[in-house]
Amino acid sequence: MKEKKKILLSLAALAAAAVLLLGLWYVSRPQPQVGEKTVVVQVIHGDRTSKEFTCRTGQEYLGPMLLEEALVQGDTGPYGLFITAADGETARDELRQWWCITRDGQQVDTGADSTPIADGDHFELTLSTY
């Protein structure tokens, strides 16, 4: 009986910690900026040439803005937009290529559809190989 209480208390503490961490993430997650904004997107191709695009948008997230501006093509799956092509260049599966998203040279830890954008942001889409 004493062992069951310990297990139940441990499970309750674990559940409380999970709820606390989820609440902390929800409060501290990056928030999108509402309204018109100017965002620069630099596409770095496989041959390392690059092209910059200046976008004026009311979108709040990167994925919808990229599609609205026709800068990318992709597939929508359970995790949102998976970019398959940018500025006319398609990532080739047989070469293990993919489009890496960075903001000011730092890799973002969210997908395109859940990356908030703000006025003055600079994003890079780099054709990468893994």
Side-chain angles (χ1 to χ4, degrees):
M1 188 65 151
K2 197 173 186 180
E3 200 61 35
K4 277 187 177 181
K5 280 187 179 181
K6 283 184 182 181
I7 291 172
L8 286 175
L9 283 174
S10 295
L11 288 174
L14 184 61
V19 167
L20 181 64
L21 288 173
L22 184 61
L24 183 61
W25 169 82
Y26 185 79
V27 170
S28 65
R29 77 185 191 280
Q31 296 294 317
Q33 181 182 24
V34 178
E36 286 294 309
K37 54 196 90 48
T38 301
V39 177
V40 174
V41 177
Q42 180 181 8
V43 178
I44 304 169
H45 292 275
D47 63 3
R48 296 303 166 229
T49 59
S50 69
K51 187 173 179 183
E52 281 195 356
F53 300 88
T54 301
C55 307
R56 294 235 358 111
T57 185
Q59 295 289 344
E60 296 179 356
Y61 291 93
L62 183 62
M65 184 202 73
L66 293 171
L67 291 171
E68 176 183 79
E69 296 291 324
L71 292 179
V72 301
Q73 295 171 330
D75 301 318
T76 302
Y79 304 107
L81 175 65
F82 179 74
I83 298 171
T84 57
D87 188 31
E89 184 170 9
T90 301
R92 296 175 50 195
D93 289 337
E94 67 274 10
L95 296 179
R96 301 175 60 170
Q97 294 176 327
W98 61 288
W99 287 99
C100 178
I101 303 171
T102 52
R103 177 188 286 131
D104 294 321
Q106 301 295 317
Q107 190 163 348
V108 299
D109 55 1
T110 52
D113 283 348
S114 55
T115 299
I117 57 177
D119 190 45
D121 273 348
H122 184 277
F123 289 95
E124 304 86 22
L125 299 177
T126 306
L127 186 60
S128 302
T129 304
Y130 59 94

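Computed from a predicted structure; not experimentally measured. Only this structure's heavy atoms are used, side chains among them; waters, hydrogens and symmetry mates stay out. The residues of the chain are indexed from 1 along the displayed sequence.
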Taking all non-hydrogen atoms of both residues, which atom of [X] and which atom of [Y] are closest, and how far apart?
{"X": "E69", "Y": "C55", "result": "CG-SG, 3.7 Å"}
{"X": "H45", "Y": "A86", "result": "CE1-O, 3.9 Å"}
{"X": "G63", "Y": "D113", "result": "CA-OD1, 3.4 Å"}
{"X": "V39", "Y": "A118", "result": "CG2-O, 3.8 Å"}
{"X": "I83", "Y": "A112", "result": "CD1-CB, 4.4 Å"}
{"X": "F123", "Y": "I117", "result": "CE1-CG2, 3.5 Å"}

Can any side-chain N or O of [X] pair as donor or acceptor with the backbone N or O of [Y] at less than 3.5 Å?
{"X": "R96", "Y": "D93", "value": "no"}
{"X": "E124", "Y": "G105", "value": "yes"}
{"X": "D75", "Y": "F82", "value": "no"}
{"X": "E89", "Y": "G46", "value": "yes"}
{"X": "K51", "Y": "T49", "value": "no"}

Going only through I, L, V, M, F, W and Y residues with side-chain contacts under 4.5 Å, is there a path from [X] to [Y]?
{"X": "I101", "Y": "I44", "answer": "no"}
{"X": "L125", "Y": "L67", "answer": "yes"}
{"X": "W98", "Y": "L71", "answer": "no"}

| task | For a side-chain contact (heavy atoms from CB on, under 4.5 Å) with W99, tell me which candidate from V72, V43, T84, T90 qualifies. | result |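 Between W99 and the candidates, side-chain contact (heavy atoms from CB on, under 4.5 Å) is satisfied uniquely by V43.
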Checklist entry - Is atom CD of Q73 surrounded by more than 12 heavy atoms (other residues, nucleotides or ligands) closer than 6.0 Å? => result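 No, not enclosed.
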Answer yes or no: does atom CD of Q106 have more than 12 heavy-atom neighbours from other residues, nucleotides or ligands under 6.0 Å?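 No, the 6.0 Å shell around CD holds no more than 12 heavy atoms from other groups.
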Pairwise side-chain contact, T38 with T54, heavy-atom cut-off 4.5 Å (strictly under):
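The answer is yes, as the side chains (C-beta and beyond) meet within the 4.5 Å cut-off.
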[atom1]/[X] to [atom2]/[Y] distance, rounded to the nearest 0.5 angstrom?
{"X": "T102", "Y": "Q42", "atom1": "OG1", "atom2": "CD", "value": "8.0 Å"}
{"X": "D109", "Y": "R103", "atom1": "CG", "atom2": "CZ", "value": "9.0 Å"}
{"X": "E36", "Y": "Q59", "atom1": "CD", "atom2": "CD", "value": "9.5 Å"}

